[in-house]
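One structure is given here, and the rest of the page talks about it.
The model shown is predicted, which means the values in this text are computed figures rather than measured ones.
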Amino acid sequence: MAEKQKKTADELKKLIMQEIRKHPICTSVQDVEIVPAPEQPPPQPNWRVMWTLGGAPSAPPRARDIERDIQSQFTLA
C-alpha cells in the first residue's frame, strides 16, 4: 500500500470545501475544521472533520463521502 500524502489542516480544509461547493445538496455546510483523530493504526485516518452547518442537524451524506474520499488519500501532517 502506498503511503498517503501529508497535508496541513488548512490544505485539507481547502480541499474539502472545494469539493463540498461542487454539490448543491451540501449547501448547509458553511465551514469545516480539521481536527486530529485519536491515534489509529494505518490505514485508518489520523484526522476528522468538524462541520459548521446552517439549518441542518447533521452534514449531508455526500459531505461525509467527501470526507472519507479525502481521508483515503491524505494524512494530517
Side-chain angles (χ1 to χ4, degrees):
M1 177 191 292
E3 190 172 320
K4 295 178 187 179
Q5 184 179 356
K6 292 183 180 185
K7 296 276 186 189
T8 65
D10 287 339
E11 291 170 324
L12 292 168
K13 175 181 176 170
K14 183 177 179 181
L15 285 171
I16 289 173
M17 289 306 296
Q18 285 175 340
E19 289 302 311
I20 290 288
R21 296 297 171 236
K22 293 178 183 178
H23 302 278
I25 190 94
C26 296
T27 58
S28 64
V29 177
Q30 296 178 343
D31 199 11
V32 297
E33 180 181 347
I34 306 302
V35 295
E39 197 162 318
Q40 301 281 342
Q44 298 299 315
N46 71 343
W47 59 274
R48 62 188 178 95
V49 173
M50 297 291 295
W51 306 95
T52 300
L53 305 171
S58 62
R62 183 63 192 126
R64 298 284 184 184
D65 291 343
I66 291 167
E67 176 184 15
R68 281 189 298 276
D69 289 347
I70 293 176
Q71 283 174 328
S72 72
Q73 299 173 53
F74 304 102
T75 189
L76 181 61

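Annotation: the span from Lys4 atom NZ to Gln71 atom CD amounts to 7.0 Å, rounded to 0.5 Å. The structure places OG1 of Thr52 at 8.0 Å from CE of Met50, a figure rounded to the nearest 0.5 Å. For the atom pair CG (Leu76) and CZ (Arg48), the distance works out to 12.0 Å, reported to the nearest 0.5 Å. Interatomic distance, CG of Leu15 versus CD1 of Ile70, reported as 5.0 Å (0.5 Å rounding). Rounding to the nearest 0.5 Å gives a distance of 5.5 Å between CG of Leu12 and CD1 of Ile34. Once rounded to the nearest 0.5 Å, the distance linking NZ of Lys22 with CD1 of Ile20 reads 11.0 Å.
Heavy-atom minimum distance, Trp47 versus Phe74: NE1-O, 3.1 Å. When all heavy atoms are compared, the tightest approach of Gln30 to Met17 is O-CE, 3.9 Å. Nearest heavy atom pair, residue Asp69 against residue Ser72, reads O-OG, 2.6 Å.
Looking only at distances, a side-chain donor or acceptor of Glu11 sits under 3.5 Å from a matching main-chain atom of Thr8. Remark: side-chain polar atoms of Glu33 are not paired, donor with acceptor, to backbone N or O of Trp51 under 3.5 angstrom.
One finds a salt bridge joining Glu67 and Arg64 here, because a Lys/Arg side-chain nitrogen approaches an Asp/Glu carboxylate oxygen to under 4.0 Å.
Counting heavy-atom neighbours within 6.0 Å of Gln44 CD, excluding the residue itself, gives a total above 12.
Residues satisfying the side chain to side chain contact (heavy atoms under 4.5 Å, CB included) test with Pro60, not counting sequence neighbours, are Cys26, Ser28, Val29, Ala63.
Within the structure, the salt bridge (charged side-chain N to carboxylate O under 4.0 Å, His left out) test picks out the following pairs touching residues 51-62 (sequence neighbours left out): Arg62-Asp65.
The side-chain heavy atoms of His23 and Ile66, taken from C-beta on, include a pair separated by under 4.5 Å.
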